Trainee: 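Below: one structure in structure tokens.
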Amino acid sequence: MSRRSLIAAGAAASAASGLVFAQGRRSNAAHFSLGYAPHEGSFASRGGRLEQIAFAADQGFTAWEDNEAAGRSVAEQEAMAKALTQRGMTMGVFVASMPQWARSRPLLGANDGSEREAFLADIRNAVPVAKRLNANRMTVVTGFLDPKVPIDIQTARVIDVMRRAGDIVSPHGIAMVMEPLNTRTNHPGVYMQTIAQGYAVARGANSPAVKILADLYHEQIQSGNLIPALEACWAEIGYIQFGDNPGRNEPTTGEINYATIVKWLRARKYTGVIGMEHGNATDGRVGEERLIAAYRAIDQV
């Protein structure tokens, strides 16, 4: 079946479910085979956060993620958790310690340990957030490179602070997932740049609470070779995110063969959340329908 045929088939199914929704009846759309997780903005035309969660559930999505959840009020966090529970949806990641992107901070490998201590304080503060959200994964970014410190020393310090962070969250049944980021398009100067580098840090930390977030958009830009990278590092991967390249939009809009990756994940019996960490290639409701159709297409292969 051709890529174009797959997209067309998904679009037809999506249009049918959209018609039912428009007529005022809940869609009976089948659940996806994997736990794809939209986020606020994926279905912006449908209303606010809670309305978007309800719409996503009606389309067959079984998970949700919210990078900014830690910065929301307790009431907002509790309302989102309640909405997800009511619809039988799993909470994916939120960012436990938000980097200061404009300042290229933190420097977790620096000689001065103050930024490592601040990072650990963020992790402590994130534990009650995770509990309110019923989340067992939270994203961490391992900071930026310090040009004054040899890379091997920085790596040792990052391993050490991640092990300490793991000791904080492990008793609560939570795992941190470290996100490697690309330096070629989005995040010049970050410390962790590939899944393989995340694997080395996770193995060094040697904690069930320190794993890798495999964002395939970033990995495609930085290294490519996606399935072999997943295969080699699988034991330390705790979460996955999709996004096509170029453009960082939904699958089928770029060069990544997500249908093949979905088949590989199903063969691996992956049951975790897959964050839809991307935008919509087309604005408005048309773009939202195309987003749903794209996931139907890769999921039905």
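Just so you know, these numbers come straight off a predicted model, no measurement behind them.
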Trainee: Hey, quick one: are Leu108 and Ile151 part of the same hydrophobic cluster, counting side-chain heavy atoms closer than 4.5 Å, chains of contacts allowed?
Mentor: yes
Trainee: Can you tell whether the side chains of Glu65 and Arg137 come within less than 4.0 Å, N to carboxylate O?
Mentor: no
Trainee: Under 4.5 Å between side-chain heavy atoms, hopping through other hydrophobics if needed: is there a path connecting Leu84 to Tyr239?
Mentor: no
Trainee: In the structure I gave you, are the side-chain heavy atoms of Met176 and Lys211 within less than 4.5 Å of one another anywhere?
Mentor: no
Trainee: Considering non-hydrogen atoms only, spot the tightest contact between Ile168 and Ile123 and give its length.
Mentor: CG2-CG2, 4.1 Å
Trainee: Specify the closest pair of heavy atoms between Gly92 and Val273, including all atoms of both residues, with the distance to one decimal.
Mentor: CA-CG1, 4.2 Å
Trainee: Report yes or no: does His39 contribute a side-chain atom to a donor-acceptor pair with the main-chain N or O of His278 at less than 3.5 Å?
Mentor: yes
Trainee: Any cation-pi pair here, Arg296 with Phe32, using under 6.0 Å and within 45°?
Mentor: yes
Trainee: Find the distance between OH (Tyr217) and CG (Leu181) and round it off to the nearest 0.5 Å.
Mentor: 10.5 Å
Trainee: Hydrophobic cluster membership, with links at side-chain heavy-atom distances under 4.5 Å among I/L/V/M/F/W/Y: are Val95 and Ile174 in one?
Mentor: no
Trainee: Can Gln220 and Asn245 be counted as having a side-chain donor-acceptor contact under 3.5 angstrom?
Mentor: no
Trainee: Would you check if the side chain of Asn182 reaches a backbone N or O of His218 as a donor-acceptor pair within less than 3.5 Å?
Mentor: no
Trainee: To the nearest 0.5 Å, how far apart are CE in Met89 and OG1 in Thr62?
Mentor: 7.0 Å
Trainee: Any sub-3.5 Å donor-acceptor pair from Glu115's side-chain atoms to Leu107's backbone N or O?
Mentor: yes
Trainee: Same hydrophobic cluster for Trp234 and Tyr199, using side-chain heavy-atom links shorter than 4.5 Å among ILVMFWY?
Mentor: yes
Trainee: More than 12 heavy atoms of other residues, nucleotides or ligands under 6.0 Å from CZ of Arg124: yes or no?
Mentor: yes
Trainee: To the nearest 0.5 Å, how far apart are CG in Leu216 and CD1 in Ile221?
Mentor: 11.5 Å
Trainee: Determine whether the side chains of Ser42 and Glu288 contain a donor N or O and an acceptor N or O closer than 3.5 Å.
Mentor: no
Trainee: Under 6.0 Å between the ring centres of Tyr258 and Phe242?
Mentor: yes
Trainee: What I want to find out is whether Asp66 reaches Arg72 closely enough, with some N-O distance under 4.0 Å, to be called a salt bridge.
Mentor: yes
Trainee: State, yes or no, whether a side-chain contact exists between His31 and Phe61 at a heavy-atom distance under 4.5 Å.
Mentor: no
Trainee: Does Glu117 have any side chain to side chain donor-acceptor pair (under 3.5 Å) partners at least two apart in sequence or in another chain, and if so, which?
Mentor: Arg164
Trainee: Measuring from atom CD1 of Ile195 to atom CG of Leu226, what distance do you get when rounded to the nearest 0.5 angstrom?
Mentor: 7.0 Å
Trainee: I want to check something: taking the side chain as every heavy atom from C-beta on, are Arg87 and Trp64 in contact at a cut-off of under 4.5 Å?
Mentor: no
Trainee: Might you work through the side chain to side chain donor-acceptor pair (under 3.5 Å) test for Glu219 and Thr194, ending with a clear yes or no?
Mentor: CA-CA 6 Å; Glu219 187 72 8; Thr194 65; 5.3 Å; no
Trainee: Using every non-hydrogen atom in the two residues, find where Ala209 and Val169 come nearest and quote the distance to one decimal.
Mentor: CB-CG2, 3.5 Å
Trainee: Starting at CD1 of Ile261, measure out to CD1 of Ile240 and round the result to the nearest 0.5 Å.
Mentor: 9.0 Å
Trainee: Do Asn186 and Arg248 have a side chain donor and acceptor closer than 3.5 Å?
Mentor: no
Trainee: Mind listing the closest non-hydrogen atom pair of Ser33 and Asp299 along with its distance?
Mentor: OG-OD1, 2.6 Å
Trainee: Give the minimum heavy-atom separation between Gly204 and Ile159, together with the two atoms involved.
Mentor: C-CG2, 3.4 Å
Trainee: Can you check whether Gln222's main-chain N or O pairs, donor with acceptor, with Gln193's side chain at less than 3.5 Å?
Mentor: no
Trainee: Quick one: do Met138 and Val177 satisfy side chain to side chain contact (heavy atoms under 4.5 Å, CB included)? Show the steps, please.
Mentor: CA-CA 6 Å; Met138 51 192 192; Val177 287; over 6 Å; no
Trainee: Pair Thr253, Glu250 - check side chain to side chain donor-acceptor pair (under 3.5 Å), show working.
Mentor: CA-CA 6 Å; Thr253 59; Glu250 68 268 19; 4.9 Å; no
Trainee: Does the side chain of Leu120 come within less than 4.5 Å of Val161's, by heavy atoms?
Mentor: yes
Trainee: Looking just at side-chain N and O atoms, do Asn225 and Ser223 make a donor-acceptor pair shorter than 3.5 Å?
Mentor: no
Trainee: Does the pair Val93 and Gln241 meet the rule for a side chain to side chain contact (heavy atoms under 4.5 Å, CB included), with working shown?
Mentor: CA-CA 10 Å; Val93 291; Gln241 288 177 332; 3.9 Å; yes
Trainee: Does Glu51 reach the main-chain N or O of Gly48 with its side chain, forming a donor-acceptor pair under 3.5 Å?
Mentor: yes
Trainee: Distance-only, no hydrogens or angles: does the Glu179 side chain make a donor-acceptor pair with backbone N or O of Thr139 under 3.5 Å?
Mentor: no
Trainee: Does atom CG (Asn125) have a neighbourhood of more than 12 heavy atoms from anything else shown, all under 6.0 Å?
Mentor: yes
Trainee: Which pair of non-hydrogen atoms, one from Pro99 and one from Pro106, has the smallest distance, and what is that distance?
Mentor: CA-CD, 4.3 Å
Trainee: Show which residues join Ile153 in its hydrophobic cluster (side-chain heavy-atom contacts under 4.5 Å, direct or indirect), or state none.
Mentor: Val149
Trainee: Is any side-chain heavy atom of Asp146 closer than 4.5 Å to a side-chain heavy atom of Gln154?
Mentor: yes
Trainee: Say whether Glu277 and Asn67, considering side chains only, have a donor N or O and an acceptor N or O under 3.5 Å apart.
Mentor: yes
Trainee: Quick check against the 3.5 Å criterion: does Asp244 have a side-chain atom that pairs as donor or acceptor with the backbone of Ile256?
Mentor: yes
Trainee: Does any non-hydrogen side-chain atom of Met178 lie less than 4.5 Å from one of Val210?
Mentor: yes
Trainee: Should Met192 and Trp101 be regarded as members of a common hydrophobic cluster, given that ILVMFWY residues are connected when their side-chain heavy atoms come within less than 4.5 Å of each other, either directly or indirectly?
Mentor: no
Trainee: Using 4.0 Å as the upper bound for N to carboxylate O, is an ion pair formed by Glu78 and Arg132?
Mentor: no
Trainee: Hey, would you say the Tyr36 and Tyr295 ring centroids sit under 6.0 Å apart?
Mentor: yes
Trainee: Tell me yes or no: between the side chains of Ser207 and Arg163, is some donor less than 3.5 Å from an acceptor?
Mentor: no
Trainee: Between Leu230 and Arg268, is any pair of side-chain heavy atoms under 4.5 Å apart?
Mentor: no
Trainee: To the nearest 0.5 angstrom, please state how far the OH atom of Tyr191 sits from the CG atom of Leu145.
Mentor: 8.0 Å
Trainee: Are Phe43 and Phe55 close enough that their ring centers fall under 6.0 Å?
Mentor: yes
Trainee: Any salt bridge linking Asp58 with Arg46? Criterion: basic side-chain nitrogen under 4.0 Å from a carboxylate oxygen.
Mentor: no
Trainee: Answer yes or no: is there a side-chain heavy-atom contact under 4.5 Å between Ile274 and Leu265?
Mentor: yes
